[in-house]
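Have a look at the structure below before the remarks.
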2 protein chains.
Amino acid sequence: MNSRRASPQPAGKSPAASPSPWRARRRDREVKREAVIRAAAHAFNRKGYHNTSLNDIAAALEVTKPTVYYYVTNKEHLLFQCFLAGIEPIRAAFREVKDLGLPARARLNAVLRHYGEAVASEFGWCMVRAEDQDLSPAMSRHIKALKSEIDQGIRRLIREGVQDGSIEPCDPKMTAFALAGALNWIAHWYRVDQSLTPAEIAAAFVAIFEGGLRPRSAAQVALRAPLKRRVRIAR
Amino acid sequence: MNSRRASPQPAGKSPAASPSPWRARRRDREVKREAVIRAAAHAFNRKGYHNTSLNDIAAALEVTKPTVYYYVTNKEHLLFQCFLAGIEPIRAAFREVKDLGLPARARLNAVLRHYGEAVASEFGWCMVRAEDQDLSPAMSRHIKALKSEIDQGIRRLIREGVQDGSIEPCDPKMTAFALAGALNWIAHWYRVDQSLTPAEIAAAFVAIFEGGLRPRSAAQVALRAPLKRRVRIAR
DNA sequence: GCTCGATCATACTCATGAGTAGATATTCTA
DNA sequence: TAGAATATCTACTCATGAGTATGATCGAGC
């Protein structure tokens with residue numbers, strides 16, 4: 001669509017040389033573009049996608065609608081950008097944790113903590129709530145693929161955990177749904193209840209997932225080798 | 001608005017006598033009204049609230065828009081009716097379980113099972129996704145109150161469980177958020193993945209909540225005695 | 001000072017969808 | 001069978017919001 005920027009080398013200049021006057025301009029433009037995306041995320045967060053008009057977003061930035069369209073191609077792309085901003089930290093968490101040599105449950109917990117924080121972030125709503133229903137088929141496929149990547153990553157960690165004995169045997173699919181669901185839901189209530197930080201919430205949730213509701217007695221935990229958490233009955 | 005039904009006694013007839021020919025008529029009307037609500041729930045389910053027009057709903061019923069308006073006052077009320085239909089079984093579950101003399105965890109599990117089934121039901125989407133953002137302030141308050149009632153009910157069961165020793169000590173608020181969130185999220189994926197029945201899913205989730213991810217050895221499960229003081233040393 | 005491209009505003013178009021006014025058809029009762 | 005409810009349709013109004021055509025402005029380089 002927008003092809004103005006298609007040829008960044010004005011032909012005839014030395015290619016690799018000087019970042020040239022554009023660099024600054026570009027950065028400037030990029031900064032504004034990001035401001036638009038942040039403003040959109042904020043508005044979507046508060047009022048929902050459908051109840052937010054591009055006029056609203058423009059007004060929040062103290063510009064007019066065509067200005068917004070100067071930076072993004074349309075509303076759907078705007079949502080998509082918010083989605084990407086929200087999901088990227090989660091993908092990063094998977095990469096980060098990959099080669100740490102930890103047992104799978106520890107890796108899973110680390111990922112879930114990042115996941116929870118991402119959902120409670122500015123872009124959490126957009127990430128969690130970008131629905132097929134609101135999107136063109138192409139965009140829907142794209143988003144679904146990214147979501148699925150996360151889902152599969154969680155399932156894989158669960159499977160690995162069951163194999164290395166750090167996770168109680170369970171159905172990886174259902175368990176992944178339960179974990180992700182609980183965390184996703186944070187986006188629905190965090191807005192109104194900010195008594196905890198995202199990190200605290202994520203940590204609390206991970207603790208709940210780990211232990212489960214059923215009370216556990218002290219003795220047994222010890223006999224699982226590599227674990228450090230202890231429980232004691234104080235009579 | 002619609003005041004045709006305002007004076008059911010045509011003045012001059014004996015008031016308390018004969019249920020009169022109206023009864024049948026009324027039932028008929030009620031049947032159609034429910035059909036409208038079901039059709040709406042179905043459409044909301046598939047395409048979301050904002051992407052469903054009343055024309056769509058009318059078309060699904062093979063009538064026209066004004067006919068739909070003959071049975072419901074507006075789109076928002078329609079969503080509200082769907083919400084009520086979805087949430088009622090959950091409220092019923094609380095009542096049902098109340099005087100059963102079970103330990104709190106068993107009562108909680110029963111409620112959660114019903115909860116999960118409700119979310120996976122036809123009206124699950126509407127119940128879970130009826131957002132303040134889409135509703136008038138009055139309606140929003142009403143829905144929030146009903147949702148809060150459920151939330152408080154779950155928290156109460158958790159607290160009772162911690163007291164009677166059937167539930168591991170935990171923060172009731174966070175735990176309730178985690179449980180409800182995981183179950184609510186079913187509404188997002190059940191549509192596309194129907195490999196399990198709602199009851200099976202609910203049961204699987206409850207099992208996950210109970211046990212947690214941390215492996216537990218076989219022996220210990222048996223020794224859950226009535227009441228003991230337990231202290232957990234975390235980290 | 002002039003030109004050119006980047007940026008932004010004014011003032012539209014156009015489609016969609018909620019909700020309604022005012023017929024018309026149907027059915028039940030007297 | 002007249003007439004009164006009841007039920008449904010045709011044909012609108014009206015507001016909103018996405019997206020655009022077009023022109024003004026501003027700053028950098030010559």
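What you see is a predicted model, and the numbers here were worked out from it, not measured in a lab. Order of the sequence lines fixes the chain letters, A, B, ..., with proteins taken first and strands second; residue numbering starts at 1 for each chain.
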Exercise for review: Give a yes or no on this: more than 12 heavy atoms of other residues, nucleotides or ligands lie within 6.0 Å of atom NE2 of A/His42.
Suggested key: no
Review point. Counting only side-chain N and O atoms of A/Tyr70, is one of them less than 4.0 Å from OP1 or OP2 of C/dA9?
Key: no
**Study point:** B/Arg113 vs B/Glu96, salt bridge (charged side-chain N to carboxylate O under 4.0 Å, His left out): CA-CA, chis, key distance, verdict
**Key:** CA-CA 13 Å; B/Arg113 264 191 292 271; B/Glu96 203 176 284; over 6 Å; no
Check your understanding: Is any side-chain N or O of B/Tyr71 closer than 4.0 Å to OP1 or OP2 of D/dA7?
Key -> no
Exercise for review: Answer with yes or no after comparing the ring centroid distance for B/Trp185 and A/Phe177 against a 6.0 Å cut-off, counting only values under it.
Suggested key: no
Exercise for review: State yes or no: are the ring centers of B/His142 and B/Phe80 separated by less than 6.0 Å?
Suggested key: yes
Practice item. Would you tell me if any nitrogen or oxygen in the side chain of B/Thr67 comes within less than 4.0 Å of OP1 or OP2 on D/dC9? Key: yes
Exercise for review: Please determine if a side-chain N or O atom of A/Arg29 lies less than 4.0 Å away from the OP1 or OP2 oxygen of C/dA6.
Suggested key: no
Exercise for review: Apply side-chain contact (heavy atoms from CB on, under 4.5 Å) to the pair A/Asn45 and A/Phe123, showing each step before the final yes or no.
Suggested key: CA-CA 8 Å; A/Asn45 232 333; A/Phe123 300 105; over 6 Å; no
Give every pair of a protein N or O atom and an N or O atom of nucleotides 21-26 of chain D that lie under 3.5 Å apart, one pair per line with the distance.
none

Practice item. Decide whether a cation-pi geometry holds between A/Arg29 and A/Tyr70; the criteria are a distance under 6.0 Å from NZ or CZ to the six-membered ring centre and an angle within 45° of the ring axis. Key: yes
Check your understanding: Has B/Lys75 got its NZ or CZ under 6.0 Å from the middle of the six-membered ring of B/Tyr49, at an angle within 45 degrees of the ring axis?
Key -> yes
Point to revise | Nearest-Å distance for atom pair CG/C1', residues B/Leu78 and C/dG19 | key: 14 Å
Please tabulate, one pair per line, each protein N/O and nucleotide N/O from nucleotides 15-18 of chain C that are separated by under 3.5 Å, including the distance.
unit_1 : atom_1 : unit_2  : atom_2 : d
C/dA18 : OP1    : B/Thr52 : O      : 3.4
C/dA18 : OP1    : B/Lys75 : NZ     : 2.9
C/dA18 : OP2    : B/Leu54 : N      : 2.9
C/dA18 : N7     : B/Lys65 : NZ     : 2.9

**Study point:** Intermediate values then yes/no, side-chain contact (heavy atoms from CB on, under 4.5 Å), A/Val36 and A/Thr67
**Key:** CA-CA 10 Å; A/Val36 170; A/Thr67 299; over 6 Å; no
